[in-house]
Amino acid sequence: RNTYLGLEDFSVSDTSGTEEDTDSAVLYGTLRGSVVGLRYYTGIVNNNEMVALQREPSNPYDKNAVKVNNVNGDQVGHIKKELAAALAGIMDNKLALIEGVVPYGAKNAFTMPVQMSFWGREENKEAVLDQLKRHGFKLAPPLKGNEFDKLFEDLKEDDKTCELEGAEAVATLLLPHQKQALAWMVSRENSNDLPPFWEERSNFYYNTLTNFAEKQRPKNVIGGILADDMGLVILTELVLVFVWFCLVFLLGGGGVKKFRKDFQRTISFFNFYFALNIQSVETKYSGDGPSATLIVCPLSVLSNWIDQFEQHIHQNFHVNIYVYYGSDRSRDPSFLSEQDIVLTTYNILATDYGMRGDSPLHKVTWLRIVLDEGHTIRNPNAQQTKAALNLDGHRRWVLTGTPIQNSVKDLWSLISFLKLKPFTDREWWHRTIQRPVTMGAPGGLGRLQSLIRSITLRRTKKSKIKGKPVLELPERKVLIQHITLTEEERQIYQSVKKEGKAAISRFFSEGTVLAHYADILGVLLRLRQLCCHPRLCINTSSSSFSAGDKTPEEVHEMLVNKMKLVLSSGSDEECAVCLESLTVPVITRCAHVFCRPCIFEVIRSEQPNAKCPLCRSELRAEHLVECPLEGEIDSSNEKKSDQEWISSSKINALMHALIELRRDDPTAKCLVVSQFTTFLSLIENPLKESGFAFTRLDGSMAQKKRVEAIQCFQSSQAGSPTVMLLSLKAGGVGLNLTAASRVFLMDPAWNPAAEDQCFDRCHRLGQKHSVVITKFIVKDSVEENMLKIQKKKRELAAGAFATKKPSASEIKQTKINEIKALIDL
DNA sequence: ACCGCCGGGTGCC
DNA sequence: ACCGCCGGGTGCC
C-alpha cells in the first residue's frame, strides 16, 4: 500500500472505505467482550480508557486475530478468539468501525473486559448484526448516560488578554492587539504547559479525554495556529519587537539604532516570518541543535516572501535564505540545514515527498516549521498534507486566515501537524473531538473550543480588546444598481433563456440532470454573459445536448469544451471526491469533472468496475480527458477584436458611474471586477475613449506582470491609473489594492465568499477612505436569482460551525436546487 | 472404567 | 487463573 519509501504514511490504511462516511455513521449498538493475553504485552490501560481494535490477519495462530492497543499504540492484548472470529469479517469488509473502552480491570493480569461500540452506515447495520448473530453475539442498545460529560473538564483559558510590554522604545510602536499577539506568541514559544486535556496526577500524566496515562510528560507544541482573517493586520509590525529583542540579544544594543530606523518603514505581514527567522539566528549562535527554519507557502505568495527577505534581511544581517524551488534546487539535506531560512511551496514539498522517497526536506530536523496559508493542508488525504505532517521539527506554526472553513474535519490536519498527543492519530481525534461535535454530544463543542482556545490566536476584524475594536477600518457600503436591458438585449436574452429552459426542463423530466450538468452550467453561463454583454457568448453556442454518434476525436473535443465550460462558469466547482476546489481537472466520459489524483484513486480502489462517483456511469482511466491548457480557459471567444465594438447596458452604466466619479474626485481609484476576462477586455475600449488611465490584473498574467500592474495601480503619482480591471479570482489572499476606494462588481458570483474576498482586497488595513461597492444586477434575470442564492449561502455560512460538511450527493442536490431557482423552474 | 472423580499442569492469538 | 480446560491416575463402602 505504502509506496513512499522510508517515510511513515500514517493515514493510508484508514482512509479508504469507511473513512469518507465517518460523519454519517450511526451507532449500531454495543457489546461486552474480553481482552486476553494481557501478560504478553506491555501496553497498559486505565479504567474507562479508550482502546483501539486492530486486525492482525498475519497472526500465525489465528487469521481472525484482533489486536487491542492503547492510546499510545502499545498492544494491550487480543480480542478473545471466538469474538475475533465474528469481528474479523466485519472489520475486513469495513462494515463497521469498532471502538473499545475498557470499563474496569485495569490491574487484571490475564484478561480484562472491553466495551465495544459498533459504528457504521445505516445500510450495513443488518449485515453486521447478522454476522454477529452467526457467531452467537447480539448487540445491546447504546449505553445511556454520556460518558463524555464526565470525562470533560474545561481548561483554564489562557490569558490572552495580557499584553507584553516590549522594550520601552518599541512599545510605543505597537498597537494593543499587536502587543497581545506578541505576548501570546512569546508565551507559546516559552511555555512549559502541558498540552490541552492533560493533567498531572500523582507522578503520572493523565489524558482526560481518553483516560490514558503515562509516566512520560507529553510534549506541548511550541507554536500554534495564528488564525486571522486579518492576518495581514495583526502581525504587521510585530516584527519590530521580535527583531528588537533579538538585536538586544545579539548585538548588545550596538547596532540597534540603525536597525530601528530601517524598520520604521511600512512593514507588511511577511515580516512575521523573518521575525521568527531572526530568532533562529539567535538560536544558532546560542548553541547546538537545528538552526534552519522551513517556511512552506503557496506559490502565489512565494515571491512576496522573497521580496520581503531581500528588502529587509539581507542587508541588515547575513541571513542565509535559500529558496527551495525549481528543478535546480539543492538535494543536499546538510546544505539545507545550514541555512537560516529555507523557503518552499506546498507543491514542491509534496512532489519531493511523493516521488523521490528521499525528500531532502524530510531529512532535515528543522528549528522551526511555518506553514503559511496553513488551511492548504486541510485535506488529510492530500499528498501535501502528508508531506507537511511528516516534517521534522519541534517548533511548529500554522498561519491561516481560515482555519475552520466548513467543518471540524478540516481541523484535524492542522492539529495533527502541531503534534498534539493523542490527536495525531485520526481515531482519537475522531472519537474525542470530531464525533462528539458533529453528533452534538453535550460538551463536545466545549471540548473543541477548549482545544482551539489553547492553541490558536484567533482574531477577526470584529474582535475587540478591552471593548475596543482591534481594528478600525473605514466604512464599507454595498450598493446594488439595477440595470434594465435594452429591447434588443432583452430579446436575445429571452430567446436563449427559452431554449435553455426547455432543455433543462427536459433533463428534469428525463431525470438526466446530473448527466447534463455541464450543459446546464453552460446555459446559465450564457445567460449570465448576456446580462453583461451580448458578445460574450457568441462562440459558446454549440448546444449539442446529445452525444450521438461521434468519432473519438469529436468526443474528445466535446469533453474538453465541456470541461472548459465548467471551469470557466465561475460556479466554483468542487471535486466531488475530495470536496476541494479542483486541482488538475480531468473530465470523465460522462462529463463530470474531478481532480486527476482523486478520480484515479477511485478507479484504482474500485477496479475492475469503477463507476463515476456522481452518476455511476462506467469509468475508465483511458477515457479521462485532461484540461489542455492552464490559464487561458475562456480565451476561446477572445479572437474577435476585428469586429466593430459595441456597448451594452452594463457598460453604459459603468461608464456613467466612472465619469461621474472622476468629475467629483479626479484622483479616486476604483476596481472594475468581473468573472469574465473577455468582458474586461470589452470594457477597455470605452475606458480608452473616455481617457481613463487603467491597468489590468487577471489570472492569465505572469507573476512579473501582475506585480507591475499592482505597483502601478497602488502608486499615488499623478497620472497613475485610476481604474483597475480585475478578474474576480485573480490573486491570492495577500493581494493588496488599498489604493481603490470604489469597487464596481460587474456580475454576481455564485459564491458570496468570493465576492467578499475580492472586496477585502481594498477594504483592509491601509485603506484611508470609506469604500463603496456597486454591484450591477440586471433586472428580471438570472442575476437577481443569483443574489437570492447568495443570501442563502451567507445564512448557511453564518451558522456553519459544528455542522457537518455536506456529502458529494448533497452538494449536487444543492446545486440542482440552485439550478431550479436560477432558471425559474 | 468404552465411565466419573480427583488433583496437577497449565494458560492469547 | 480464588478460573476453565486438559489429560493422567485411579476406582466400593
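Note that the structure is a prediction, hence the values are computed from the model and not measured. In the text below, chain A, chain B and the rest are named by the order of the sequence lines, each starting its count at 1.
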Please table the atom pairs, donor to acceptor, closer than 3.5 Å between any side-chain atom in residues 31-41 of chain A and protein atoms at least two apart or in another chain.
residue	atom	partner	partner atom	Å
A:R32	NE	A:Q115	OE1	2.6
A:R32	NH2	A:Q115	OE1	3.1
A:Y41	OH	A:H78	ND1	3.4

**Request:** Check whether any side-chain N or O of A:H623 sits under 3.5 Å from a backbone N or O of A:L619 as a donor-acceptor pair, and report yes or no.
**Result:** no
**Message:** Output the rounded distance in Å from NZ (A:K63) to P (B:dC12).
**Reply:** 20 Å
**Asked** When you measure from every atom of DNA chain B, which of residues 80-88 of chain A have a heavy atom less than 4.0 Å away?
**Response** A:K80, A:K81
**Request:** Report yes or no: does A:R368 contribute a side-chain atom to a donor-acceptor pair with the main-chain N or O of A:G223 at less than 3.5 Å?
**Result:** no
**Asked** In whole Å, what separates the C1' atom of C:dC13 from that of B:dC2?
**Response** 25 Å
**Message:** Restricting to salt bridge (Lys or Arg N to Asp or Glu O under 4.0 Å), what partner residues turn up for A:E123, sequence neighbours left out?
**Reply:** A:R121
**Asked** So, does the side chain of A:Y61 form a donor-acceptor pair with the base of B:dC12 at under 3.5 Å?
**Response** no
Using nucleotides 1-3 of chain C, report all nitrogen or oxygen pairs with the protein that are shorter than 3.5 Å.
residue	atom	partner	partner atom	Å
C:dA1	N1	A:R39	NH2	3.4

**Message:** Say we look at B:dC5 and B:dG9: how far apart would their P atoms be, to the nearest angstrom?
**Reply:** 22 Å
**Item:** Residues forming a salt bridge (Lys or Arg N to Asp or Glu O under 4.0 Å) with A:E622, sequence neighbours excluded
**Value:** A:R620
**Message:** Considering every strand and a 4.0 Å limit on heavy-atom distances, what is the contact class for A:I79: base, sugar-phosphate, or nothing?
**Reply:** sugar-phosphate
**Asked** A:D92: what forms a salt bridge (Lys or Arg N to Asp or Glu O under 4.0 Å) with it, not counting sequence neighbours?
**Response** A:R55
**By ring-ring contact (aromatic ring centres under 6.0 Å, His included) - contacts of A:F137 (at least two apart)** = none
**Request:** Provide the distance between the two C1' atoms, one in C:dC6 and one in C:dA1, to the nearest whole Å.
**Result:** 15 Å
**Message:** Please report the distance, rounded to the nearest Å, between CD in A:E56 and P in B:dC12.
**Reply:** 14 Å
**Item:** Sequence neighbours excluded - side chain to side chain donor-acceptor pair (under 3.5 Å) pairs with any residue from residues 100-113 of chain A
**Value:** none
**Message:** Return the pairing partner of B:dA1 with a 3.5 Å limit on both distances, Watson-Crick or G-U wobble; otherwise return none.
**Reply:** none
**Prompt:** Is a donor-acceptor contact shorter than 3.5 angstrom present between the side chain of A:N59 and the base of B:dC13?
**Reply:** yes
**Asked** Is A:Y40 stacked on the base of B:dC12, with ring centres under 5.5 Å apart and planes under 30° apart?
**Response** yes
**Request:** For A:E214, enumerate each residue passing the salt bridge (Lys or Arg N to Asp or Glu O under 4.0 Å) test, keeping only those at least two apart in sequence or located in another chain.
**Result:** A:K421
